[in-house]
Number of protein chains: 2
Amino acid sequence: MQAAVFNALSEPSRLQIVELLRTNPHPVGEIAETLAIRQPQASKHLKVLAESGIVRAEPRARQRIYHLLAEPFGEMARWIDSFEHVWEVRLDSLGDYLQTTHTEEGAS
Amino acid sequence: MQAAVFNALSEPSRLQIVELLRTNPHPVGEIAETLAIRQPQASKHLKVLAESGIVRAEPRARQRIYHLLAEPFGEMARWIDSFEHVWEVRLDSLGDYLQTTHTEEGAS
DNA sequence: CTCATATATTCCTGTCAAGGAATATATGAG
DNA sequence: CTCATATATTCCTTGACAGGAATATATGAG
């Protein structure tokens, strides 16, 4: 797993962009308007997302329609799955886990 | 999904720490030695990971044994799953998708 | 108590990234 | 060609963050 993907998603506006593009592709202007940010900032964030392979632009007349690319999400899904034994087991026994964390230490 | 989790994972050393802790908990000294970084840097990175809820320390004599927490991984897994329609469909038709991207545009 | 080990914190410095403002580029209309 | 729209890029400034060095804190041994 490359840290660059996480880095791209670590910025709140960029994370919002990705979630906006989850359903449909969108042109830059719509993205900026939806996130209430200025157009140059949207273009900059989209550039970071594009450089990490998360999005790609499709030219359409004067607009550039951005959409998500599959690969990073597949990579992330596989990476998360490699931690399955960490979260799947503990999610339902989390309360018990937290309670027994310091069980072996009595009052000093 | 909170960007803080991605931010914590966006630093290469921290990503390595998480992958080191994937199998077993480790004390700080071992983490620093394995990653070939200095102990204070390891402590700092672990602090960031702890503040974003990814790891937790368990005191054990003079050592502090760090281990992964379940919640962020479950959260990430659910988040990735919400993009299932993006990556699952396109992963096997990616080549075709890339080829047909500009099909509608002939030579000018 | 002193000493040693394990870890955390503070201070400093340099680098990088985000936002604002202005401008450049691209494309379509006429 | 000119003009308008859509997007990208450059410059600047400021704040965040990583690493190094030194030091503080915690805990166990004696």
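Here is the naming used below: chain letters follow the sequence lines, and residue numbers restart at 1 for every chain. Note: hydrogens, waters and symmetry copies are ignored here, and every other heavy atom, side chains too, is used.
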Problem set entry | N/O donor-acceptor pair, side chain B:Gln39 with base C:dA8, under 3.5 angstrom | yes
Find the distance [X]:[atom1] to [N]:[atom2] and express it as a whole number of Å.
{"X": "A:Leu35", "N": "D:dT7", "atom1": "CG", "atom2": "P", "result": "14 Å"}
{"X": "A:Asn7", "N": "C:dA18", "atom1": "CG", "atom2": "P", "result": "7 Å"}
{"X": "A:Ile37", "N": "C:dA21", "atom1": "CD1", "atom2": "C1'", "result": "16 Å"}
{"X": "B:Glu30", "N": "C:dA6", "atom1": "CD", "atom2": "P", "result": "11 Å"}

Distance below 4.0 Å between [X] side-chain N/O and [N] OP1 or OP2:
{"X": "B:Tyr66", "N": "C:dA8", "result": "yes"}
{"X": "B:His45", "N": "D:dG19", "result": "yes"}
{"X": "B:Arg38", "N": "D:dG20", "result": "yes"}
{"X": "B:Arg64", "N": "C:dA6", "result": "no"}

For this session: Answer yes or no: are there more than 12 heavy-atom neighbours, outside A:Glu33 itself, under 6.0 Å from its atom CD?
Result: no
Problem set entry | A:Glu30 side chain to A:Thr34 side chain, donor-acceptor N/O pair below 3.5 angstrom | no
For nucleotides 10-16 of chain C, give me every protein contact, N/O to N/O, under 3.5 Å, one pair per line with atom names.
unit_1: C:dT10; atom_1: O4; unit_2: B:Lys44; atom_2: NZ; d: 3.4

Problem set entry | Estimated bend of the helix from C:dC1-D:dG30 to C:dG30-D:dC1 (axis per five terminal pairs, rounded to 10 degrees) | 20°
For this session: For A:Gln41, report the nucleic acid contact type (base, sugar-phosphate, nothing); a contact means any heavy atom under 4.0 Å.
Result: base
Problem set entry | Sorted by number, the residues of residues 8-15 of chain A with heavy-atom contact under 4.0 Å to DNA chain D | none
Side-chain heavy-atom pair [X], [Y] within 4.5 angstrom cut-off:
{"X": "B:Met76", "Y": "A:Phe83", "result": "no"}
{"X": "A:Trp79", "Y": "B:Leu9", "result": "yes"}
{"X": "B:Glu58", "Y": "B:Pro25", "result": "no"}
{"X": "B:Glu19", "Y": "B:Leu21", "result": "no"}

Exercise. Who are the side chain to side chain contact (heavy atoms under 4.5 Å, CB included) partners of A:Pro40, not counting sequence neighbours?
Worked result: A:Arg38
Exercise. Which residues pass the side chain to side chain contact (heavy atoms under 4.5 Å, CB included) test with A:Glu75, sequence neighbours left out?
Worked result: A:Met1, A:Gln2, A:Arg78
Listed pairs, N/O of protein and of nucleotides 2-5 of chain C, under 3.5 Å:
unit_1: C:dT5; atom_1: O4'; unit_2: B:Arg62; atom_2: NH1; d: 3.4

